[in-house]
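Excluded from the calculations below are hydrogen atoms, water molecules and symmetry mates; all remaining heavy atoms, backbone and side chain alike, are included. Note on naming: letters A, B, ... go to the chains in the order of the sequence lines (proteins, then strands), and numbering restarts at 1 for each one.
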There are 2 protein chains.
Amino acid sequence: MAEQPGRNGTNGRTFDFPRPLTTVDVVVFAVREDALAVLLVQRGAGEGEPFPHAWALPGGFVDIDRDRDLEACARRKLKDKTGVASPYLEQLGSWGSAARDPRGWSATHAYFALLPALAAAPLAADAQWFPLVSGGVKPKLAFDHAEILDAAVKRLRNKVEYTSLPAYLMPAEFTLPDLQKVYEIILDRPLEKSAFRTRMLSADLIEPVARMRRGPNRPAQLYRLKKARAPVFFARTFNPPEG
Amino acid sequence: MAEQPGRNGTNGRTFDFPRPLTTVDVVVFAVREDALAVLLVQRGAGEGEPFPHAWALPGGFVDIDRDRDLEACARRKLKDKTGVASPYLEQLGSWGSAARDPRGWSATHAYFALLPALAAAPLAADAQWFPLVSGGVKPKLAFDHAEILDAAVKRLRNKVEYTSLPAYLMPAEFTLPDLQKVYEIILDRPLEKSAFRTRMLSADLIEPVARMRRGPNRPAQLYRLKKARAPVFFARTFNPPEG
DNA sequence: CATACTTAGTTGTACTGTCAAACTTATATA
DNA sequence: TATATAAGTTTGACAGTACAACTAAGTATG
């Protein structure tokens with residue numbers, strides 16, 4: 001185990017002051033049953049545990065022996081809860097204050113992840129998906145996690161206006177109407193079909209596969225994400241939003 | 001002074017593990033002499049100080065007794081170095097790893113600030129402005145600050161394409177050509193005059209004052225930022241960049 | 001087997017805002 | 001008074017979206 005950290009450094013100099021607690025939290029999004037959903041975990045009720053039984057974002061303390069850096073820490077926590085190793089992961093921001101954790105001054109580094117709908121089939125026992133209703137989630141969240149979730153939803157909504165982020169919420173193969181539907185779910189407004197198709201097809205983002213989706217009506221072309229494709233940023237937002 | 005933090009909590013429970021160091025750094029931008037410039041401070045050379053004499057971003061440890069939250073900590077450090085109390089301040093991200101500080105596992109919360117050119121007249125003794133040349137700064141920076149600076153410049157450049165952020169780099173009164181010049185300095189390319197004017201004037205962002213700027217040619221209308229104006233997000237970027 | 005129904009996908013016109021370049025206006029200076 | 005210079009406007013071309021109608025391809029139904 002590493003030496004007690006509050007007192008001594010590694011080079012002989014003493015820097016003697018209290019350190020904030022350091023945690024990482026992850027806002028995990030997926031689209032389930034035609035709604036944007038977020039993954040929450042229920043907190044334990046051990047002695048001294050703040051917010052016992054409350055729902056919270058998956059996360060926890062940085063382990064300086066296991067976690068090489070913050071992103072590795074976020075991936076570890078994500079893997080623990082969902083089994084998914086490499087989803088889309090983006091840093092969201094950090095929240096730190098004297099008041100947010102009853103155990104003392106603490107700072108959390110928040111990330112947000114996008115998962116294909118069915119990726120997290122074997123969920124951890126204490127984890128559960130919650131649909132977002134009017135920007136929030138039903139249970140009252142621990143710490144300042146409601147605020148972090150709110151920031152994540154706003155950031156996602158905002159970026160969906162001009163990026164291809166929803167592509168990371170899709171299964172391996174999907175149709176253009178499928179993708180449009182996901183955009184519409186997140187933005188909560190309908191989009192123009194022809195403009196949407198033109199934009200997506202000219203973005204060098206997806207490629208058709210040899211199969212079609214068949215159903216009770218006209219078949220639809222199936223597409224897949226081009227390999228190792230970073231998100232695309234469009235030069236315009238979708239609907240010049242209101243005024 | 002607060003009790004030693006590595007060992008005991010405030011509620012009787014012991015959470016006994018090493019904590020990362022927690023710092024805040026600020027990337028302070030201003031436009032000086034027709035170039036984007038960033039504020040750096042020279043590090044001391046006391047015993048055990050990492051990167052002695054190297055230039056670094058202004059910042060340092062969170063003081064859990066003085067700083068209510070992370071943003072307050074950032075404002076304190078900014079005030080110390082520039083005397084400026086309330087510039088535009090935005091969270092940039094966080095960098096944390098075992099390797100970035102020789103004193104041990106550390107995480108920094110980075111902010112970026114935009115200052116009017118002449119706001120920071122009385123600079124701290126150890127602080128100095130450095131112009132950005134091809135995205136970077138001349139001296140080799142301490143820690144991973146070159147990486148943080150790079151992220152800040154990229155974020156600023158990116159947001160300038162579709163927001164009114166440069167307005168926060170302007171003095172109290174300025175002309176539209178002045179503002180366009182600042183956009184062009186940051187983006188490092190010329191913009192269309194008429195489209196620029198149309199966009200800015202229809203954005204409900206600035207208002208004319210009763211005076212004109214006089215010079216050796218046609219006078220220009222002076223404007224000022226509308227009071228308490230949050231940044232404006234435009235529905236398009238400026239030049240559909242290349243392809 | 002024809003017809004209705006549904007969703008996929010295309011086409012065409014109107015509109016909005018940028019691009020590009022020319023043009024007009026207002027001042028100082030020679 | 002002419003000239004130079006920068007401020008600000010006008011005009012037409014163009015790109016991409018909005019809106020709406022249209023065609024295409026399948027299943028279901030009588």
Quiz item: When you look at A:Trp55 and A:Phe130, which way does the ring-ring contact (aromatic ring centres under 6.0 Å, His included) test go after all the steps?
Solution: CA-CA 10 Å; A:Trp55 290 94; A:Phe130 287 81; 4.9 Å; yes
Would you call [X] and [Y] a salt bridge, using N to O less than 4.0 angstrom?
X        : Y        : value
A:Glu147 : A:Arg100 : no
B:Arg157 : B:Glu161 : no
B:Lys77  : B:Asp25  : no
B:Lys81  : B:Asp126 : yes

Quiz item: Are B:Gln221 and B:Tyr223 close enough that a side-chain donor and a side-chain acceptor fall under 3.5 Å?
Solution: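 On atom types as modelled, these side chains do not qualify, holding no pair under 3.5 Å.
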What's the [atom1]-[atom2] distance between [X] and [N], to the nearest Å?
X        : N      : atom1 : atom2 : value
B:Arg236 : D:dT17 : CZ    : C1'   : 8 Å
A:Glu192 : C:dT13 : CD    : P     : 18 Å
B:Lys193 : D:dA7  : NZ    : C1'   : 6 Å
A:Phe238 : C:dG17 : CZ    : C1'   : 18 Å
A:Leu201 : D:dG16 : CG    : C1'   : 15 Å
B:Phe196 : C:dG17 : CZ    : P     : 17 Å
B:Met200 : C:dT18 : CE    : C1'   : 13 Å
A:Glu161 : D:dT17 : CD    : C1'   : 14 Å

Quiz item: Under 4.5 Å between any side-chain heavy atoms of A:Arg43 and A:His53, yes or no?
Solution: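 No, too far: nothing below the 4.5 Å cut-off.
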Practice problem: Would you kindly check whether a donor in the side chain of B:Ser194 faces an acceptor in the base of C:dC19, or vice versa, at under 3.5 angstrom? | Solution: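 Not at all, since no donor on one side and acceptor on the other fall under 3.5 Å apart.
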Self-check item: Residues from residues 210-225 of chain B lying under 4.0 Å of DNA chain C - heavy atoms
Solution: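 Under 4.0 Å from DNA chain C: B:Arg214, B:Gly215, B:Pro216, B:Asn217, B:Arg218, B:Pro219.
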Quiz prompt | Strand-adjacent residues in residues 172-180 of chain B, judged by heavy atoms under 4.0 Å from DNA chain C | solution =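 Within this stretch, nothing sits under 4.0 Å of the strand.
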Practice problem: Just compare C:dA20, C:dG12, D:dT17 and give me whichever is closest to any side-chain atom of A:Ala195. | Solution: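 The answer is D:dT17.
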Exercise. Give a yes/no answer on whether the side chain of B:Arg197 brings an N or O atom under 4.0 Å of OP1 or OP2 in D:dG8.
Key: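 B:Arg197 to D:dG8 OP1/OP2: side-chain N or O found under 4.0 Å.
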Quiz item: D:dG16 phosphate, OP1 or OP2: any side-chain N/O from A:Arg199 under 4.0 angstrom?
Solution: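 No, no such contact exists.
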Exercise. Answer yes or no on whether A:Arg199 is positioned over the face of A:Phe234, meaning its NZ or CZ is under 6.0 Å from the six-membered ring centre and within 45° of the axis.
Key: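 Yes - A:Arg199 lies over the ring of A:Phe234, closer than 6.0 Å to its centre and within 45° of its axis.
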Practice problem: For A:Leu165 and A:Leu114, work out which heavy atoms get closest and say how close. | Solution: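 So the two residues come closest at O-CD1, 3.6 Å.
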